[in-house]
Undergrad: 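Pasting a structure here, questions to come.
The chains referred to below are lettered A, B, ... by the order of the sequence lines, with proteins before strands, and numbering in each begins at 1.
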Protein chains: 2
Amino acid sequence: MTEVAQRAGVSTMTVSNVLNGRSQRVSESTRRRVLATIDELGYQVNMTARNLRVGRTGTVGLAVPGFSPDYYAELAAALGDRFAAHGLRLAVERTGASRAAELDALTAARLSSYDGFVLSVVAGDAADLEKLRVDTPVVLIGERAVPARFDHVLMDNVGGARLATQLLIRSGARRIALLGGVVGSEESMPELRTRGYREAHDAAGLHVADELIVSCEFAVADGYAATRGLIDLGVAFDAVFALTDSSAIGALRALAETGRGVPDDVQVVGFDNVDHSRFTTPALTTVEPGNAEMADAICELLVERIASRPAPVPARVIMPQPRIVQRESTRRS
Amino acid sequence: MTEVAQRAGVSTMTVSNVLNGRSQRVSESTRRRVLATIDELGYQVNMTARNLRVGRTGTVGLAVPGFSPDYYAELAAALGDRFAAHGLRLAVERTGASRAAELDALTAARLSSYDGFVLSVVAGDAADLEKLRVDTPVVLIGERAVPARFDHVLMDNVGGARLATQLLIRSGARRIALLGGVVGSEESMPELRTRGYREAHDAAGLHVADELIVSCEFAVADGYAATRGLIDLGVAFDAVFALTDSSAIGALRALAETGRGVPDDVQVVGFDNVDHSRFTTPALTTVEPGNAEMADAICELLVERIASRPAPVPARVIMPQPRIVQRESTRRS
DNA sequence: ATGAAAGCGCTAACAA
DNA sequence: TTGTTAGCGCTTTCAT
């Protein structure tokens, strides 16, 4: 910049003013001359320096476990669009669902390259987060219990799982395999969805057979393997509730491969209403957790907090209402 | 930092040394005291300032059109792992396949937050890129013709498409629909793959019927719509070569929905060997373009260039050999 | 309308 | 082993 200034015979201040469109502070003729020089030298402002000075970067960060299951990729895309509408860029980082990486993502060091940050918490817990001192606006997503001072957007896991299970029961299922189910009382996504599954059974006066609850990660390959496992073990079931659409898609494959008809022999329900679920054969019945509302909320919360910084708006919690999207993998009751 | 220094009764330099683990330059006792003070104050280094000073950020950027088709999400994940092994973080940005956004991504302003950058070029052309003056190491991916001064990693689109089409012809297909095919002689991905398709036909002495070449974007929904379109128009075909696995998956759905058996009535081949393609019903035969090699190459190229900056290593071009992965959507010939 | 001075938070280079 | 000086490239403030 100094070089431009010298060459144009003005001060760096004037160059700065030109670059920042402070047109009232610089005459048209100088403006032209400076612009010409900038062009001639191919000069580009150094963002790092500007950020240091101004304390803003124009980008927000998003940390998710990864791009699989598809849910996260779609979330990233949805948020990217929304932030773009506010003139903010979105940079996506992966935590690999590791607790260390999640905390690391919130480290002030990292945060200092962002104006705001969205963290998907799947492994960290409240105690970890509590310790952090964060000056950058942050909104948390995910179902973990979370310190009250953070804005928090989450889905109704229990409610959604209850809906899915009820639908299955209503259409005649009595032995519903739960792919990714766990026992435990933490507030993690699998535990919450398992709770919904149990609640629906209880409400219908049905017993849950423990062998139907199988552990399973959330990608397509995992759903496939878990379902094959169940079949190979000879466990009987007439429905599958998979904790994610991706694992449901894997289940569909395992079922087809072993000659079980869906939905006639086995009904299948997923969770997330991922784009892909419309195009499987049969098309997947699933729980729509309110993806659009959540993306809207995340964006609005963060944008507002960035704008009002550091005025301490009280933290908010947002949880949209889930609903069932019925397609072909379940029977109409 | 100044605050820490004062409080601990040392100079900022000593604090800096402690933070950067320059253990030889600071006594154990001071180190302890400084660390205690840091902890007490909850101090965190300001990365923006450090970056300004040292000119490195420890993160590399990746710009892709989006996370759909899945190919990009998987690429991002693969690169994330590899860069992590080199102690580099990966931040992913979306260009939405817009030419402006692609060029924008390479703007020095943006680049200055990264030590290196990977850009997937799908819309920009050589002339655009030629103009850019970039001081950050960049590797380009994608099939567009690209200025020679950039490292460039690409897949053999023509060869892969030829392989896929040959396979189809060999197993009896005579009317192969090309989903996403185009006429044109630019070096874009669709044009290249279309060329491979034609070459295979020519080599077998087969005529290409123009009505079989249908335009189609690359996501699942697009493949579905295009295939439905073909069917609704009453165009006869005995095979589908989809330009991406994602669109092939959509085609599978359209075929199933209209009662066509795969591979008996219609064979289907995709391109990319996306994770998902193993789990469709039937499992998708596809072209594996050398994803792992490409990710390795991208990472190595960039890391090397970052390390050797600014020594001008000559630009390199890397194109792995594609191969067919035969699964259930084609007939064994 | 333009410029000079000061300093954002940090580290390289040198001095003590 | 520790401290001092200078300056990364920019913008804010205040003077001209």
Undergrad: Figure out the CG/C1' separation between N51(A) and dC10(C), and round it to whole Å.
TA: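 That distance rounds to 15 Å.
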
Undergrad: Which salt bridge (Lys or Arg N to Asp or Glu O under 4.0 Å) pairs, counting each pair once, include a residue from residues 1-17 of chain B, with sequence neighbours left out?
TA: R7(B)-E40(B)

Undergrad: Looking only at side chains, do T30(A) and S27(A) share a donor and an acceptor under 3.5 Å apart?
TA: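 T30(A) vs S27(A): donor-acceptor pair found between side chains.
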
Undergrad: Counting just side-chain N and O atoms, does T48(B) come under 4.0 Å of either OP1 or OP2 of dC10(C)?
TA: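 No, T48(B) has no side-chain N/O under 4.0 Å of OP1/OP2 on dC10(C).
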
Undergrad: Using ring centroids (six-membered ring only for Trp), state whether F67(A) and Y72(A) fall under 6.0 Å.
TA: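 No; F67(A) has its ring centre 6.0 Å or more from that of Y72(A).
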
Undergrad: Please enumerate all residues that pass salt bridge (charged side-chain N to carboxylate O under 4.0 Å, His left out) together with R22(A), with sequence neighbours excluded.
TA: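 Salt bridge (charged side-chain N to carboxylate O under 4.0 Å, His left out) list for R22(A), sorted by chain: empty.
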
Undergrad: Strictly under 4.0 angstrom, non-hydrogen atoms only: write out the protein contact profile of nucleotides 8-16 of chain D, one letter per nucleotide from the 5' end, B, S or -.
TA: BBBBB----

Undergrad: Please state how far atom CZ in R32(B) lies from atom P in dT1(D), giving the value in whole angstrom units.
TA: 15 Å

Undergrad: Does a donor on one side chain and an acceptor on the other come within less than 3.5 Å for N51(B) and T57(B)?
TA: no

